[in-house]
Number of protein chains: 2
Amino acid sequence: MYSKSEENYLKAIYHLEAIAKHGVSTNAIAGEMETKPSSVTDMVKKLADKQLVNYVKYKGTTLTEKGKKAALGVVRKHRIWEVFLLETLDFQWDEVHDIAEQLEHIKSQELINRLDKFLDYPDYDPHGDPIPDKNGNIKSAEKKLLAELKKGNQGQLVGVRETSPDFLQFLDKRSIAIGSKIKVLGKEFFDGSMVIQVQGEQFFISKKIAENLYIHI
Amino acid sequence: MYSKSEENYLKAIYHLEAIAKHGVSTNAIAGEMETKPSSVTDMVKKLADKQLVNYVKYKGTTLTEKGKKAALGVVRKHRIWEVFLLETLDFQWDEVHDIAEQLEHIKSQELINRLDKFLDYPDYDPHGDPIPDKNGNIKSAEKKLLAELKKGNQGQLVGVRETSPDFLQFLDKRSIAIGSKIKVLGKEFFDGSMVIQVQGEQFFISKKIAENLYIHI
DNA sequence: AAAAAAAGTTAGTCTTATCTAAAAAATTAT
DNA sequence: ATAATTTTTTAGATAAGACTAACTTTTTTT
């Protein structure tokens, strides 16, 4: 259907659209794909020819319905393979990404559907991200960064982006863990810092902290 | 390590070496790879530069030890994935080849070793072909066609070549299945037909049938 | 052994996806 | 609003792998 490279671009654009809502910039795609902006321009033109994206010179790129469907197909494969690697083959979480990155490009609908069945139709992957169904429908929202939430929002901690010992100890000291319910009590505009409530207790956290916590609303 | 294309050439040369012992011809490789002889010449030169094959202009190509090891690595992956597709995901025989053809190029030693363990270290793939171990050692000989056996020989059914429903039903009706012990009671010279014994029962089978059953002696 | 046929190689072209360098457009700063 | 900076695009080049057409070597036929 689509080449490996095309699929990777579609997936990158899909992920970036979730953050920057007004058309994804060429530089952003280049960053995500670890490639040069000029390569991105070439590729988005090609994807535009195939009706997979809307591309306006100098303005940005968005997925068309067709492109979104294709991207969700890749995301579905990636996440199902991740479940398989972790649950069936007992891999560690940091080992699975590179392998799933390859497996997601295997061309066979039947394969992924049978794998889905074998795993008993999981709704989420091991990072807490939802797995789209055959038709590209996602049961629940994607996880968000705590930093993206507004005052009054609340959700559950489903993962961390940064995994340094310092950061994990910071969380530990405050009894913030995967599964914790977090509510945003206040948010400062000028520096993005927040006051949050976790299990009755209140904490002040910087923007940097909030940008490294994944939340499910 | 090696590109998909390089791996496919190595595998093709490996398979062809088993038949034509005196250096594989460029045309033979082209046939196996469904490509043009000129493309083969280009590639074998490249493989020769990498010390994976011995290539002598106009004479033929053979695998070096290094090339054989690489080829066996691909064969191992292919056969382990086939076992997985058939045993774990319940695919039919005729569906697995194209998918295994893609999966065999996934780069991860760890993945294939864990899969091997998950499948309980199978010695043969569903077609009866032996699976090389981590170090490229093959436990036993390659399978033979029932048609190649002589009166008095016996062995175990390890695979089928033809996979049409008609043929599979033919076998089913006589309770001939993978694992069945088969003994050749008699063989006619003029048409290659046989009388065989399977679990106490005797059957008459034509040469055509005997040419589609793989046996391990 | 010479002629004919088959097999194999070389040279040049094409596609996909990438890159660098230079130019153009958009954004930010003064 | 003009200048400076950043972002994006264009043009031209490169590498992998495949192709066609022409040429060379080997093998087969007579």
Side-chain angles (χ1 to χ4, degrees), chain A residues 1-13 16-17 19-63 67 70-71 74 101-102 104-107 190, chain B residues 1-13 16-17 19-63 67 70-71 74 101-102 104-105 107:
Chain A
M1 195 71 170
Y2 304 115
S3 75
K4 202 171 186 170
S5 194
E6 287 170 335
E7 288 187 347
N8 281 331
Y9 273 94
L10 291 171
K11 195 177 57 149
I13 297 166
L16 292 167
E17 265 192 341
I19 307 165
K21 274 297 184 196
H22 332 287
V24 178
S25 77
T26 298
N27 261 6
I29 299 171
E32 185 85 5
M33 294 287 299
E34 294 181 34
T35 184
K36 301 293 170 192
S38 57
S39 308
V40 174
T41 302
D42 284 350
M43 182 55 92
V44 295
K45 279 181 183 172
K46 211 173 96 180
L47 296 175
D49 285 348
K50 296 188 178 183
Q51 322 272 332
L52 291 164
V53 301
N54 304 114
Y55 163 62
V56 184
K57 247 192 195 181
Y58 294 106
K59 291 301 178 186
T61 303
T62 54
L63 292 173
V74 180
E101 206 73 2
Q102 297 177 64
E104 74 190 8
H105 301 294
I106 300 293
K107 259 85 186 158
F190 74 98
Chain B
M1 197 69 170
Y2 305 115
S3 75
K4 202 172 187 168
S5 194
E6 288 169 334
E7 288 188 347
N8 281 332
Y9 274 93
L10 291 171
K11 193 177 56 149
I13 297 166
L16 292 167
E17 266 192 341
I19 306 164
K21 274 294 181 195
H22 332 287
V24 178
S25 75
T26 298
N27 261 8
I29 300 172
E32 185 84 3
M33 294 288 301
E34 294 181 35
T35 185
K36 302 292 171 192
S38 56
S39 308
V40 174
T41 302
D42 285 349
M43 182 56 91
V44 294
K45 279 181 183 171
K46 212 174 96 179
L47 296 176
D49 285 347
K50 296 189 178 181
Q51 322 272 332
L52 292 163
V53 301
N54 303 115
Y55 163 62
V56 185
K57 247 194 194 181
Y58 295 108
K59 291 302 179 185
T61 302
T62 53
L63 292 174
V74 181
E101 206 72 4
Q102 297 178 66
E104 74 190 7
H105 301 295
K107 259 87 187 155

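These numbers come from the heavy atoms of this one structure, side chains and all, not from hydrogens, waters or symmetry mates. Not measured: the values here are computed from a predicted model. Each chain gets a letter, A, B and so on, in the order its sequence line appears, and its residues count up from 1.
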Nearest-Å distance for atom pair CD/P, residues A/E34 and C/dC19
11 Å
A/E6 vs B/A28, nearer the 5' end of DNA chain C by closest nucleotide:
B/A28
Hey, does the side chain of A/S25 come within less than 4.0 Å of D/dT7's phosphate (OP1/OP2), counting only N and O?
no
Under 4.0 Å between a Lys/Arg side-chain N and an Asp/Glu carboxylate O for A/K107 and A/E7?
yes
Answer with base, sugar-phosphate or nothing: what part of the nucleic acid does B/K45 contact at a heavy-atom distance below 4.0 Å?
sugar-phosphate
Nearest to the side chain of B/Y58, which nucleotide is it out of D/dA18, D/dT25, C/dT18?
D/dT25
To the nearest Å, give me how far apart CG (A/D49) and P (C/dT16) are.
11 Å
Between D/dA16 (P) and B/M33 (CE): distance, integer Å
17 Å
Rounded to whole Å, the OH-P distance (A/Y2 to C/dT16) equals 15 Å
Looking at B/Y55, I'd like to know whether one of its side-chain N or O atoms comes within less than 4.0 Å of OP1 or OP2 on C/dT9.
yes
Taking the side chain as C-beta and beyond, is there a heavy-atom pair between A/S3 and A/Y9 under 4.5 Å?
no
How long is the line joining CE of B/M43 and C1' of C/dT10, in whole Å?
17 Å
Counting side-chain heavy atoms from CB outward, which of C/dT9, C/dT18, C/dA26 is closest to A/K59?
C/dA26
Specify the separation, in whole Å, of atom NZ of A/K4 and atom P of C/dT16.
17 Å
Using atom CG of A/D42 as one end and atom P of C/dC19 as the other, report the distance to the nearest whole Å.
10 Å
For B/A71 and B/L63, the nearest pair of non-hydrogen atoms, with its separation, is CB-CD1, 4.1 Å
Taking only residues at least two apart or on different chains, which pairs with a member in residues 49-59 of chain B satisfy side-chain hydrogen bond (donor to acceptor under 3.5 Å, both in side chains)?
B/E6-B/K50, B/N54-B/T62
What's the closest nucleotide to the side chain of B/N27 if the choices are D/dT27, C/dG8, D/dT8?
C/dG8
Check the distance between C/dT9's P and B/I29's CD1 and give it to me in whole angstrom.
9 Å
Name the nucleic acid region contacted by A/S39, choosing base, sugar-phosphate or nothing; use a 4.0 angstrom heavy-atom cut-off, strictly under.
base
Within less than 4.0 Å of OP1 or OP2 of D/dA16, is there a side-chain N or O belonging to B/S5?
no
Once hydrogens and angles are ignored, does a donor-acceptor distance under 3.5 Å link the base of D/dT20 to the side chain of B/S38?
yes
Starting the side chain at C-beta, find the nucleotide from D/dC19, C/dA26, C/dC19 nearest to A/K36.
C/dC19
Determine whether A/Y2 and A/V74 make a side-chain contact, defined as any pair of heavy atoms from C-beta on separated by less than 4.5 Å.
no
